[in-house]
Amino acid sequence: AKCKPPRGSGVFLMLAWAFLCALVALAAAADKPHIVMILVDDFGWANVGYHRQPATREVQTPNLDMLVSEGIELDRAYSFKFCSPSRCSLQSGRLPTHVNVLNLDPNVWNPNDPISGFAGIPRNMTGVAAHLRTAGYRTHQVGKWDAGMATYDHTPEGRGYETSFGYFHHANDYWTEHVGPYVDLWNTSTPAHGQNGSVAYNVTGPENAYEEHKFAQHVYSILNEHNPAEPLFLNYDFHIVHEPLEMPLAYYNMFNFMTDDFQNHRQRYTSMVHYMDAVMGNITQILQSRGMWDNTVVFLQSDNGGPSFEGSQHTANNYPLRGSKMTNWEGGTRVNAFVSGGYLKTAAPGMIGKKLDGLVHIADYYATICQLAGVDPTDHRAAAVNLPPIDSLSMWDYFTGKNATSPRTEIFMDVNALRMGDYKLMTGPNSGGCWMGPQYPNGTDDPSCNTVVKCGESGCLFNVMEDPTEHHDLAAEQPEKAKELLARLTELNKGFFNPTRTGGPLEKANKQAEKNGGFWGPFLP
């Protein structure tokens with residue numbers, strides 16, 4: 001309901017109107033759930049407990065496992081093959097092919113394009129948090145942003161978050177928050193002076209100096225200080241498990257039993273995952289203790305598959321899936337995801353504990369969240385300057401069992417990859433086409449994935465529902481199906497969004513960082 005001002009200007013009348021508006025807003029907010037959107041960075045398929053049968057003590061995620069058991073596992077959830085495009089997709093509601101498919105540093109810009117000539121999300125696209133603000137939600141973002149920095153419009157605040165505390169680049173140091181010569185740590189509208197670390201610990205260090213600890217403490221404060229009568233939208237984007245592989249010493253030592261480990265990478269990665277799981281347990285406990293859990297929906301998804309390739313510290317395990325981050329194989333794009341929370345349990349008790357195999361894309365949370373908030377997800381601001389509309393499809397009726405099938409039937413994954421129905425088509429050369437084992441990496445294997453599969457112009461075809469590990473290329477056996485997907489991919493590529501985002505002097509961002517006292521931040525008006 002909208003509260004329109006009355007005719008007349010009497011003080012009593014205006015006070016009565018203001019009081020009525022407050023009651024209307026309170027009533028409207030009362031039936032809206034709290035929404036917690038969790039994005040985990042570089043989370044390997046086999047690095048979570050509910051994907052390990054039989055269980056192994058090398059993977060300890062009791063809180064995530066509990067949330068899945070009391071929620072719904074999303075078995076066919078997809079993200080882009082690497083960081084920034086997935087984050088742009090989540091915040092904008094577009095498939096990456098309609099918003100951004102590049103992992104550019106946030107200091108790039110194109111002076112000839114004031115709308116789309118930047119890293120991340122084009123300036124005139126409406127963020128999901130902006131929609132929720134119109135529905136009375138209090139909105140907060142914490143952690144890795146990686147969806148733009150050039151102007152204030154590109155920051156979390158510019159996209160509708162009342163507060164934010166995090167960083168702009170793909171990764172910073174967990175101890176000093178540095179990226180190159182400057183600190184990357186931002187607090188809503190200003191550099192986070194005094195909150196970055198000063199000691200560059202080597203791999204392990206004290207928990208109170210750890211960046212993820214700072215983020216977690218900030219999240220706990222938001223939850224503890226929030227007025228439960230107002231609907232909350234909290235977006236926590238973990239730095240974990242992205243490189244550098246750094247962690248509190250106490251957590252690293254919990255996994256000292258691990259052996260046959262390539263340069264201790266597996267132990268380092270595992271301890272970081274365990275830390276993230278502990279934070280999720282604390283978040284759940286706070287929501288329960290404050291009486292908010294029964295009115296909360298929790299969504300969790302990884303931004304891409306686990307990384308494990310040449311020249312990187314990343315040593316995730318995507319077993320039994322093929323490939324890793326940076327590839328369009330299932331190991332790079334099919335990701336850990338679930339929905340949980342007390343609100344879901346009340347709305348759909350019959351769905352609890354189920355595993356859904358319908359297609360879900362990270363872009364779909366945009367419309368799903370808007371449906372929960374009772375707002376129209378249409379992006380009128382983007383339409384006014386001829387930017388692509390949202391692709392997001394609300395999954396709530398699918399999650400709650402009202403609809404038996406997912407509304408999504410295809411994913412335009414990339415210019416050379418399409419997921420449609422039960423099938424996936426990939427064209428051109430596709431690197432990283434290898435498989436990992438239950439224990440990976442081990443002491444003899446360099447964590448790399450260098451096999452290249454030449455799919456050519458006609459493409460490789462996989463039935464990923466029957467062959468989820470992508471062992472059998474069906475292009476020769478099912479040429480008509482391959483042609484069908486290739487024709488659809490060719491058609492979709494006509495709408496590929498690919499503006500020029502570079503060309504401006506990079507010194508612009510450096511000079512602004514100097515003015516900020518050595519902190520990265522927005523550098524254009």
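Worth knowing before you read on, the calculation uses all heavy atoms, side chains too, and leaves out hydrogens, waters and symmetry mates.
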Nearest heavy atoms of [X] and [Y], plus distance in Å:
X	Y	result
Q301	A337	OE1-CB, 3.6 Å
D173	W175	OD2-N, 2.8 Å
R94	S89	O-OG, 2.6 Å
H34	P231	ND1-CA, 3.7 Å
P377	Y366	O-CE2, 3.5 Å

Quick one: does any side-chain atom of [X] pair with a main-chain N or O of [Y] as donor and acceptor, under 3.5 Å?
X	Y	value
Y440	S308	no
K32	A373	yes
N172	D184	yes
Y152	S189	yes
R76	L359	no
S392	D364	yes
R268	P244	no
R290	N224	yes
R57	F255	no
W186	T188	yes

Can you tell me if [X] and [Y] form a side-chain donor-acceptor pair at under 3.5 Å?
X	Y	value
T151	H154	yes
Y167	E211	no
N516	Q512	yes
E207	Y275	yes
D260	N442	no

Flag side-chain contact, heavy atom, 4.5 Å: [X] against [Y]:
X	Y	answer
H361	P96	yes
H213	P248	no
Q91	P156	no
Y236	I283	yes
M247	H274	no
L64	N336	no
L234	V219	yes
V203	Y174	no

Using the ring centroid of each side chain, check whether [X] and [Y] are separated by less than 6.0 Å.
X	Y	answer
H140	H226	no
Y365	F299	yes
H170	F82	no

Under a 4.0 Å threshold between the charged nitrogen and the carboxylate oxygen, would D41 count as salt-bridged to R87?
yes
What I want to find out is whether E162 reaches R138 closely enough, with some N-O distance under 4.0 Å, to be called a salt bridge.
yes
Verify side chain to side chain donor-acceptor pair (under 3.5 Å) between Y78 and E330, making sure each step is shown before the conclusion.
CA-CA 9 Å; Y78 286 82; E330 292 290 270; 2.7 Å; yes
Q267 and side-chain hydrogen bond (donor to acceptor under 3.5 Å, both in side chains): which partner among D261, N253, N256?
N256
Output the distance between atom CD (Q60) and atom OH (Y251), rounded to the nearest 0.5 Å.
11.0 Å
For side chain to side chain donor-acceptor pair (under 3.5 Å), just list the numbers for E246 and H239, CA-CA rounded to whole Å, side-chain angles, deciding distance to a tenth of an Å, and then say yes or no.
CA-CA 11 Å; E246 299 170 335; H239 185 168; over 6 Å; no
